[in-house]
Amino acid sequence: MLNLVLFGPPGAGKGTQSQKLIARYNLVHLSTGDLLRAQITQGTELGLRAKKLMDEGLLVPDEVVIGMIDSALNDNKQAAGFIFDGFPRTVPQAESLDQLLAKHDTKVSCMVALEVAEEELVKRLLERGKTSGRPDDQNEEKIRKRVTVYNTETAQVAGYYAQQEKFHALNGIGAIEDIFGQICTILDEQLPATSESSRQATDEVKA
Ligand SMILES: Nc1ncnc2c1ncn2[C@@H]1O[C@H](COP(=O)(O)OP(=O)(O)O)[C@@H](O)[C@H]1O
Ligand SMILES: [Mg+2]
């Protein structure tokens, strides 16, 4: 299985790249933000609690998002792999993800972090806010608050994966296609030698 943790601050391009990656690698996209917004739309109790925190740019408690990921993994037992987008956001969440994946006899393949400077994030999210309908995209103060929460609470998750030699950083400023190509290069290295190399080997045998 190919399990990618796609990492980066709000507005870094995780959702954009995830849409391209799921098509190419046949992965299931698990965005905790999207899962929480679905709960809010459905008006569940969990959604109501989450909305208050999300509107303020704050993190939802670890056990809430871990529970959602646990169910999503159980609901997708046939998946070729997953993209974790917006999760894990804390080190305890990263530790829980390892435990959850171990129950399914798999593990995180790698983390790709998209690095984008704050001014560019603010610009992108204000632009996204014109159409996203997301209350947390609507004003600059809230956006900066989310970036601060990312820097203080979330950025250290990168160190967790660096220790395991799974960390890859990319410049998230540039053409969407170029960044996609760079992520693909990293992911292709993670794949077992089934696709490119063994296809070549098979061709050689045939020839
Ligand atoms: N490489 C890029 N260059 C310019 N704009 C981008 C790039 N990647 C994403 N965007 C735009 O930035 C905004 C945030 O991207 P998104 O994928 O929603 O980020 P995230 O999921 O990390 O919060 C979107 O409006 C998107 O169209
Ligand atoms: Mg997103």
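Counting begins at 1 with the first residue of the sequence. Everything numeric here is computed off the predicted structure, so don't read it as measured data.
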(message) Going by the rule side-chain hydrogen bond (donor to acceptor under 3.5 Å, both in side chains), which residues pair with Lys142 if we only count those two or more places apart in sequence or in a different chain?
(response)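 Listed in chain order: nothing, the list is empty.
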Expected list for residues 68-76: side-chain donor-acceptor pairs under 3.5 angstrom, two or more places apart:
| unit_1 | atom_1 | unit_2 | atom_2 | d |
| --- | --- | --- | --- | --- |
| Asp70 | OD1 | Asn74 | ND2 | 3.4 |
| Ser71 | OG | Gly67 | O | 2.9 |
| Asn74 | OD1 | His104 | NE2 | 3.4 |
| Asn74 | ND2 | Asp70 | O | 3.2 |
| Asn76 | ND2 | Ala72 | O | 2.8 |

(message) Is there a side-chain contact between Val60 and Thr32 in this structure, where contact means two heavy atoms from C-beta onward sitting under 4.5 Å apart?
(response) no
(message) If the threshold is 4.0 Å, N to carboxylate O, is there a salt bridge linking Asp137 and Arg146?
(response) yes
(request) Answer yes or no: is there an ion pair linking Lys123 with Glu118, defined by an N-O contact shorter than 4.0 Å? (result)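 Glu118 and Lys123: not salt-bridged.
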(message) side chain to side chain contact (heavy atoms under 4.5 Å, CB included), that's the test. Do Thr154 and Thr90 meet it? Break it down for me.
(response) CA-CA 5 Å; Thr154 300; Thr90 64; 5.6 Å; no
(message) Please give me the minimum heavy-atom distance between Leu46 and Val64, naming the atom from each residue.
(response)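 Nearest pair, atom of Leu46 first, then Val64: CD2-CG1, 3.8 Å.
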(message) Quick check for you: to the nearest 0.5 Å, what is the distance between Leu4 atom CG and Leu27 atom CG?
(response)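 If I round to the nearest 0.5 Å, the distance is 7.5 Å.
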(message) Between Asn171 and Glu115, do the side chains contain a donor N or O and an acceptor N or O under 3.5 Å apart?
(response)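 Asn171 and Glu115 do not have a side-chain donor-acceptor pair below 3.5 Å.
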(message) Looking only at side-chain N and O atoms, does Asn3 offer a donor or acceptor that is under 3.5 Å from a partner on Ser109?
(response) no
(message) Test of understanding: clusters of I, L, V, M, F, W, Y form through side-chain heavy atoms closer than 4.5 Å, transitively. Do Val91 and Val5 belong to the same one?
(response) yes
(request) May I have all residue pairs that pass ring pair (Phe, Tyr, Trp, His ring centres under 6.0 Å) and include part of residues 152-175, sequence neighbours excluded? (result) none
(message) Once ring pair (Phe, Tyr, Trp, His ring centres under 6.0 Å) is applied, do any residues pair with Phe87, and if so which ones, sequence neighbours excluded?
(response) none
(message) Which residues pass the side-chain contact (heavy atoms from CB on, under 4.5 Å) test with Lys145, not counting sequence neighbours?
(response)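 Residues passing side-chain contact (heavy atoms from CB on, under 4.5 Å) with Lys145: Leu58, Val149.
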(request) Output the rest of the hydrophobic cluster of Val116: all Ile, Leu, Val, Met, Phe, Trp and Tyr residues reachable through side-chain heavy-atom contacts under 4.5 Å, sorted by chain and number. (result) Leu121, Val147, Ile173
(message) Would the distance check show the side chain of Tyr25 and the main-chain N or O of Cys184 forming a donor-acceptor pair, the cut-off being under 3.5 Å?
(response) yes
